[in-house]
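See below for the structure under consideration.
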Amino acid sequence: MLNLVLFGPPGAGKGTQSKKLIDKYDLIHLSTGDLLRGEIAQGTELGLEAKKLMDDGKLVPDAVVIGMISNKLDANKDAKGFIFDGFPRTVAQAEALDQLLESKQSAISGMTALEVNDDELERRLLDRGKESGRADDANPEVIRKRIKEYNDKTAPVAGFYQNQNKFKNINGVGSVDDIFGALVDVIEEYNK
Ligand code: AMP
C-alpha cells in the first residue's frame with residue numbers, strides 16, 4: 001500500500017497537490033479539514049463543536065479527528081492506499097495513525113513537506129478566502145493563529161517521521177506542475 005502524508009502549513013498547497021496525486025496513484029484522499037467541513041455542512045453536533053474552534057484558528061481535539069480517520073480507514077478496506085492531508089497535525093495523532101495502520105498490517109510510506117514562507121502563506125490564504133468562502137481564510141488574525149498553531153503543535157510531527165527515516169522536504173513555491181514533479185520524484189522512491 002502507498003500511504004502518503006502530505007505535510008505543510010495552511011496554504012502550502014496540500015489540497016491542490018493531493019488532487020493531482022490521487023489521480024496519478026489511485027489513492028483515497030483523507031483530508032480532516034474537508035471531513036470537518038462536511039460535518040459542519042450537515043449540521044451535526046460534532047460539526048457545531050468543531051466550527052467554534054476552526055473559526056478561531058485552533059485545532060480540534062485529537063480524539064475527534066482520530067475517530068474520523070479510523071472510520072474512513074475501515075470504510076475503505078480495499079483501497080490501494082491513502083493520502084493524508086492535514087492529518088496528523090499533532091504527535092499524538094501521528095502515534096495514533098501508526099497504531100491504526102499497524103492494526104491493518106500497513107504503515108505510512110513517507111511524509112513529504114511543502115515548504116512555504118509565512119508571508120507567502122498569508123497572501124495565498126487571503127486570496128483563497130475571497131473565492132472559497134472559508135471564514136478561517138478571510139480573516140488575517142485567524143490566519144496568523146492557524147500558522148501559530150502549526151508552528152507550536154504541528155511542526156514537531158516532522159521530527160516524528162524524521163526519527164523513522166520517513167521525512168522529505170520539498171520547495172512549495174513555484175508552479176503547481178513543478179511542485180507536483182518534485183513530489184512524484186520523492187514518491188517513486190517509496191515505490192521502489
Ligand atoms: P484545513 O482544511 O486542513 O486547513 O483545516 C481547517 C481547520 O480544521 C483547522 O484550522 C483546524 O481547526 C481543523 N483541523 C483540520 N484537521 C485537523 C487535525 N488533524 N487536527 C486538529 N484540527 C484539525
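Counting starts at 1 for both ligands and their atoms, following the listed order.
When I69, L59, I40, L36 are ranked by how near their heavy atoms come to atom 14 (N) of ligand 1, first place goes to L36. Of the options R89, K52, R146, the smallest heavy-atom separation from atom 9 (C) of ligand 1 is shown by R89.
For V60, heavy-atom contacts with ligand 1 shorter than 4.0 Å involve the backbone as well as the side chain. Contacts between R37 and ligand 1, counted as non-hydrogen atom pairs separated by less than 4.0 Å, involve the side chain only.
Each of the atoms 11 (C), 12 (O) of ligand 1 lies under 4.0 Å from some heavy atom of K58. Ligand 1 places these atoms under 4.0 Å from at least one heavy atom of T32: 15 (C), 16 (N), 17 (C), 18 (C), 19 (N). Numbered from 1 in the order shown, with element, the atoms of ligand 1 that lie under 4.0 Å from a heavy atom of M54 read 7 (C), 8 (O), 12 (O), 13 (C). Close contacts between ligand 1 and Q93 involve ligand atoms 18 (C), 19 (N), 20 (N), 21 (C) [criterion: under 4.0 Å to a heavy atom]. The atoms of ligand 1 that sit less than 4.0 Å from any heavy atom of R134 are 1 (P), 2 (O), 4 (O), 6 (C).
Taking any N or O of R128, backbone or side chain, none lies under 3.5 Å from an N or O belonging to ligand 1. Below 3.5 Å of separation, one finds no N or O of D34 facing any N or O of ligand 1. The distance criterion of under 3.5 Å between nitrogen or oxygen atoms is met by G86 with respect to ligand 1.
Side-chain polar atoms of D98 and Q164 form a donor-acceptor pair below 3.5 angstrom. D62 and Q93 share a donor-acceptor pair across their side chains, judged by distance under 3.5 Å alone.
Under a cutoff of 6.0 Å and an axis angle of 45°, K166 and Y161 do not form a cation-pi pair.
By the 4.0 Å N-to-carboxylate-O rule, D137 lies too far from K130 to be salt-bridged with it. One finds a salt bridge joining D34 and R37 here, because a Lys/Arg side-chain nitrogen approaches an Asp/Glu carboxylate oxygen to under 4.0 Å.
Taking the six-membered ring for Trp and thresholds of 30 and 60 degrees, F167 and F7 have ring planes more than 60 degrees apart, a perpendicular arrangement.
Proximity of a side-chain donor or acceptor of S109 to a complementary backbone N or O of L2 within less than 3.5 Å is not detected.
Note that the CG atom of D55 and the CZ atom of R134 stand 10.5 Å from one another [nearest 0.5 Å].
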